[in-house]
Amino acid sequence: MQYNFNEIEAKWQKYWAENQTFKAANGSDKPKFYVLDMFPYPSGAGLHVGHPLGYIASDIYARYKRHQGFNVLHPMGYDSFGLPAEQYAIQTGQHPADTTRVNIEGGKDKEGNVIEGYRKQLDRMGFSFDWGREVRTSDPSYYKWTQWIFIKLFNTWYNKVSDKAEDIKTLITTFEAEGNIIVSAICDADVPIFSAKEWRQYTRKRQEEILLKYRLTYLAESEVNWCPALGTVLANDEIVNGVSERGGHPVIRKKMTQWSMRITAYAERLLNGLEKIDWPQPLKDSQANWIGRSVGAIVKFKLLSATKDKISSLEPKPLTPKNFIEVFTTRPDTIFGVSFMTLAPEHDLVPMITTTEQKEEVESYIEATARRSERDRMSDVKTISGAFTGAYVEHPFTKEPVPVWIGDYVLAGYGTGAVMSVPCGDQRDYDFAKHFNIPIPNIFEGVDISLEAFADKDNTIIANSDFLNGLTYKEATGKVIAALEKIGHGEGKVNYRLRDAVFSRQRYWGEPFPVYYDEDGMPRMLDEKFLPLKLPEVKKYLPTETGEPPLGNATVWAWDTNNSAVVGTRLIDHKSVFPLELNTMPGWAGSSQYFNRYMDAHNEKAIFSQEAINYWQDVDLYIGGSEHATGHLLYSRFWQKFMFDLGLVPKDEFAKKLINQGMITGTSAFIYRLGHHPNVFVSKELVDAYQNEETKEDVLRQIQSVVGNTLKDLSFDKIHVDVDFVDASDQLDVIKFRNWQPEFKNAMFIPDRAPKLLREVEKMSKSKYNVVSPDAICTEYGADSLRLYEMFLGPLEQSKPWNTAGITGVHSFLKKLWKLYFDEEGLKDLKAEPSAENLKTLHKTIKKAKEDIENFSFNTSVSTFMICVNELTTQNCQSKSILESLAILVSPYAPHIAEELWEKLGNSTSISTVSYPKFEAKYVLESSKEYPISFNGKLRFTIELPLDMGKDEIEAAVLAHEKTRQQLQGRTPKKVIIVPGKIVNIVS
RNA sequence: GCUCGAGUGGCGGAAUUGGUAGACGCGCUGGAUUCAAAAUCCAGUGUUUUCGGACGUGUGGGUUCGAUUCCCACCUCGAGUACCA
């Protein structure tokens, strides 16, 4: 009987679907285990072999956990809002919902190409997903809950005292009773101070404006990253090297009114939370880096409004709210080294403090920096530029005047947008001072600063600094902060690099905000019971002529408050019918709580029931790509903590363990095309030989014999060849190549048979002809072979190249496995009692396979199975019990063949929940050991000795051995090292 | 520049606490089977050699009876980040 994988795989996929084998119940006597994959964006191009790597690993683990007796939740869904569907809609006019459905469920695209569909592709690989819990972020029944969370965020503020998010009502109550002086909140910087009386006298609009400054999602005019080519704003994590992550378009800074998420409220908790989750260190590092906590101080420098000559006569005046400049510094200990102050050119105070004499220079500098794009400014960090404002501030301790400059090395968006410049202690300040001839006072003990700044905190001893002299960095910092606080000129402060996240996108294919704008133009939330607010139909998916987002094209997009319904925009009267928000939410909105929604995916009354969330708690294992480190994975943690504060989820971290699977790259194939002879192709070997001086002439002659002797100098172009035309020996199938494209129809090859190709590892991409689809592999070798091979390639986390040729190794393993159970006639007569050898092989395998799977070392467990099958084949194992256990061991990796073997052995239920074989040490105990005998650390020979032999006996046995005497040649050993069970080393 | 990770045969990779380097697979070489091919099976396969051995895990040093593994310096590649005060 042959191993007919196509038939077997189709049969069991059908069986699993019909019997709902992998349906997970929300409650069970078994312990729970939640295995999650990052859900995919369903693109029209379909999956290539790189995509399922993580899914295969998580599926193996999920299946293993079922064998271990866990109730396993292993869901899958689609992150189906996004840019590609929208851009396709703009080009073709097709509704993104339609193309998205085709990409998932299959069908035809506009050109009539057959799209297989993600679901079918995934099904062919035999995943044990509980498809009954599928979610699609673009489905109104799903995004209803994304909108719901948005409303919750709007109705919440962050109380620093309780250190958590609280209902906005508690804030309003406080305002009404006591004003905001006693409120300690994470809010906008420009909140005015008011009393309860003042609050009550404010208009409703004024009150709303103030509350917006406290809400966890708020509308604010802010500087955003605007991408003109995409017509939308982008978040910081959507920009790579100053250009858009998608498409590589330039990005400029622009002021716009946008929804923002107050993620900064959670900065500290997001940072601390990293300590209790088992996530990859590089990923934690990059989140920590992104949050960018730095400890230092705020220092206030009083403004002196006069020119330098007159300052000395000025009377000292107390600080008032408007007459100082605030800086943030991590080195308050160097305050006596300040010789100037630098503001970002965009700093609010610049126009106010600039003197008439300096006005022209400052304005032209500001104009020049504004003209430079973000990218220019970033790529050119060496050019030093700046301008003097003419203004001075007063040093808080020395009372000396300090000149105020502006310079684009100071960023408006970090800290206070102003720095106290200490040229002796900071290289940027140093360079700036050198360039503009500003003095560089030295405040470090025994340090030469004639060439560069001294920034080594650990070896700092402060000098020339009044009361800080002789102190270390740490001592001086503490002392100076205390002194600043005492005179009211500053305080200790922790600063974060993390910015609030802009949450508006000028796009069509995203979640609509459940927001309308009232008669005052203030945002109001729809009542929860009217959700979902569905995306309106539009004629065009582009921005409107007046520059509004695509939803501006909708004719039915207004909120009728009398009837609680979406109505035509013509009816807007700002009395009872109001305009709805035209922006949509960003890509990460839908993915920030999807893992919790899976727990109760069809609940219409709540995002999930409390029973469901309390049962499943959190994700036990999450597998996905590292590219989401500072996007999805940070935002999801933020929303989880928010949900936790509201008491909606029991855990404030959503995933205990996370693994980043590596990328599978392609192995591109190239043939060399002869210069000036576009019809002639030369093998890699000949081109290599041509590069070698010794063989160059031979190659030249060989090529001349084909194309004529006129050719003296050879040149070669590398041409991509479809990897489908290449065999395991890297030889080209010339017939396939000639039929590939018309220009190759009459191609000639040197040598003319199976020329060797050059192979290089590159990212998989259509244009490189190195994309391999899992469907083709499933058809030719089967899903079980694909699964095994993806795991066998190497460690899960590592990036590694795909080469289809190698799959024959795991495929013939499966055939050998099959042959242990079947011969030509059918199932073998498996009545033999297991031999000691059989049991040893089996139990060795159980032990190793279990260890490997628990360490996520899937590549080595595949080797273990190969060794096991090779041994059992040699042993001619005919024991049913051994072969039953083997089928279970293999089943997480190659589930189809395992089910078939299991059934043919006479079992009537699925193998998927059978308990894992138990390792028993007694079967693998050895009585003797082949001891390696080394002399001075170098292995010479081995001797077999009983394992229970003691050190002394071993020494005696080894020294008595004839080969030992040969090695020693009469010398006496100086030392004999014996590690029982391991090695013997003789030093002589 | 900074942070993190990695360098092992022709290739993917293995070696669990420092203890027989190269498991397993691909490829390659030879053989069996076949009219032939595919498939299958058997043997070999780090380099070198005077067939005793010698040399071998990016480079140079160190610790150790013993180092792919630990320490120091350097080189190369990859990922992230980038004027963060």
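Convention: sequence-line order gives letters A, B, ...; per-chain numbering from 1.
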- prompt: With a 3.5 Å cut-off and no angle check, do the side chains of Thr264(A) and Asp500(A) form a donor-acceptor pair?
  reply: yes
- prompt: Nearest 0.5 Å, what's the CE-CD distance between Met663(A) and Glu627(A)?
  reply: 9.5 Å
message: Walk along nucleotides 50-55 of chain B from 5' to 3' and tag each nucleotide B, S or - by protein heavy-atom contact under 4.0 Å, base first, then sugar-phosphate.
response: ---SSS
message: To the closest 0.5 Å, what do you measure between OG (Ser626(A)) and CD1 (Ile659(A))?
response: 13.0 Å
message: Rounding to an integer number of Å, can you tell me how far Leu814(A) CG sits from C24(B) C1'?
response: 14 Å
- request: Please determine, for the side chain of Leu411(A), which listed nucleotide (C84(B), A39(B), A23(B)) has the closest atom?
  value: C84(B)
task: For the residue pair Tyr893(A) and Phe865(A), categorise the inter-ring angle as parallel (less than 30°), tilted (30 to 60°) or perpendicular (more than 60°).
output: perpendicular
query: Reckon Lys974(A) touches a base, only the sugar-phosphate, or nothing at all at heavy-atom distances under 4.0 Å?
result: nothing
query: What is the pairing partner of A43(B), taking Watson-Crick or G-U wobble pairs with both distances under 3.5 Å in any strand?
result: U29(B)
query: Counting only Watson-Crick or G-U wobble pairs whose two distances fall under 3.5 Å, which nucleotide matches A38(B)?
result: none
Nearest-neighbour nucleotide for the Leu939(A) side chain, U20(B), A85(B), G12(B) considered: U20(B)
Filtered N/O pairs between nucleotides 63-67 of chain B and protein, under 3.5 Å:
unit_1, atom_1, unit_2, atom_2, d
C65(B), O2', Asn985(A), ND2, 3.0
C65(B), O2, Asn985(A), ND2, 2.6

field: Glu926(A)/Lys840(A) ion pair, N-O < 4.0 Å
entry: yes
message: Would you measure the distance from the C1' atom in C41(B) across to the matching atom in C4(B) and give it in whole Å?
response: 49 Å
Syn/anti state of G22(B) by chi, 90° boundary around 0: anti
message: With rounding to the closest Å, how many angstrom separate the P atoms on G31(B) and A36(B)?
response: 14 Å
message: Show the nearest heavy-atom pair for residues Met791(A) and Ala57(A), with the distance to one decimal.
response: CE-N, 3.8 Å
- request: Could you walk me through whether Lys850(A) and Glu854(A) pass the salt bridge (charged side-chain N to carboxylate O under 4.0 Å, His left out) test, one step at a time?
  value: CA-CA 6 Å; Lys850(A) 192 167 185 286; Glu854(A) 280 167 7; 3.6 Å; yes
Mutual orientation of the aromatic rings belonging to His811(A) and Tyr3(A) [parallel < 30°, tilted 30-60°, perpendicular > 60°]: tilted
task: Might you confirm whether atom CD of Gln2(A) has over 12 heavy atoms from other residues, nucleotides or ligands at distances under 6.0 Å?
output: no
- request: Between U68(B) and U59(B), how far apart are the C1' atoms? Round to whole Å, please.
  value: 15 Å
task: If C74(B) has a Watson-Crick or G-U wobble mate with both distances under 3.5 Å, name it; if not, just say none.
output: G58(B)
query: Is Arg497(A) near enough to A82(B) that one of its side-chain N or O atoms lies under 4.0 angstrom from OP1 or OP2?
result: yes
query: Any chance NZ of Lys982(A) has more than 12 other-residue heavy atoms, nucleotides or ligands included, within less than 6.0 Å?
result: no
task: Would you mind reading off the distance between Asn289(A) atom CG and A82(B) atom P, rounded to a whole angstrom?
output: 8 Å
field: Distance in angstrom units between Glu627(A) CD and U81(B) P, rounded
entry: 12 Å
- prompt: When rounded to the nearest Å, what value does the distance between P atoms of U40(B) and G25(B) take?
  reply: 13 Å
query: Where does G52(B) land, syn or anti, given syn is within 90° of 0?
result: syn
- request: Indicate whether the side chain of Thr841(A) and that of Glu871(A) have a donor and an acceptor atom separated by less than 3.5 Å.
  value: yes
- prompt: When rounded to the nearest Å, what value does the distance between P atoms of A14(B) and C70(B) take?
  reply: 16 Å
task: Determine the Euclidean distance between corresponding C1' atoms of G56(B) and U8(B); express it in Å to zero decimal places.
output: 10 Å
- request: With rounding to the nearest 0.5 Å, note down the distance linking CD in Gln281(A) to OG in Ser286(A).
  value: 10.5 Å
Could you pull out the protein-nucleic contacts involving nucleotides 14-17 of chain B (nitrogen or oxygen on both sides, under 3.5 Å)?
unit_1, atom_1, unit_2, atom_2, d
A14(B), OP1, Asn859(A), ND2, 3.0

message: Nearest 0.5 angstrom please: Thr334(A) OG1 to Phe454(A) CZ, how far?
response: 12.0 Å
Other residues, nucleotides, ligands: >12 heavy atoms within 6.0 Å of Lys847(A) NZ: no
message: Whole angstroms only, please: what is the NE2-C1' distance between His811(A) and U40(B)?
response: 13 Å
- prompt: Given A85(B), C24(B), U40(B), which nucleotide is nearest the side-chain atoms of Lys815(A)?
  reply: U40(B)
- request: For Trp802(A) and C11(B), give me the distance from atom CH2 to atom P, rounded to whole Å.
  value: 20 Å
- request: Give me the ring orientation class for Phe941(A) and His961(A): parallel if the planes are under 30° apart, tilted from 30 to 60°, perpendicular past 60°.
  value: parallel
task: Please state the C1' separation for the pair G58(B) and U76(B) - nearest whole angstrom.
output: 7 Å
- prompt: The side chain of Thr330(A) lies closest to which of these nucleotides: C84(B), A85(B), A23(B)?
  reply: A85(B)
query: Can you name the residues that form a side chain to side chain donor-acceptor pair (under 3.5 Å) with Ser668(A), not counting sequence neighbours?
result: Glu762(A), Asn770(A)
- request: Give none if U64(B) has no partner; otherwise give the nucleotide forming a Watson-Crick or G-U wobble pair with it, both distances under 3.5 Å.
  value: none
- request: Starting at CD1 of Ile438(A), measure out to CG of Asp429(A) and round the result to the nearest 0.5 Å.
  value: 9.5 Å
- request: Would you give the length of the straight line joining atom NZ of Lys300(A) to atom CD of Glu491(A), rounded to the nearest 0.5 angstrom?
  value: 6.0 Å
message: Quick check on the 6.0 Å ring-centre criterion: do Phe432(A) and Phe340(A) meet it?
response: yes
query: Reckon Ser286(A) touches a base, only the sugar-phosphate, or nothing at all at heavy-atom distances under 4.0 Å?
result: sugar-phosphate
Output one line per pair: protein atom, nucleotide atom from nucleotides 25-29 of chain B, and distance, for all N/O pairs under 3.5 Å.
unit_1, atom_1, unit_2, atom_2, d
G25(B), OP1, Asn870(A), ND2, 3.4
G27(B), O3', Ser729(A), OG, 3.4
C28(B), OP1, Ser729(A), OG, 2.4

message: Suppose you measure atom P in U69(B) against the same atom in C2(B); what distance do you get, rounded to whole Å?
response: 25 Å
Could you pull out the protein-nucleic contacts involving nucleotides 43-46 of chain B (nitrogen or oxygen on both sides, under 3.5 Å)?
none

task: By nearest nucleotide on RNA chain B, pick out whichever of Pro932(A) and Val862(A) is the more 5' one.
output: Pro932(A)
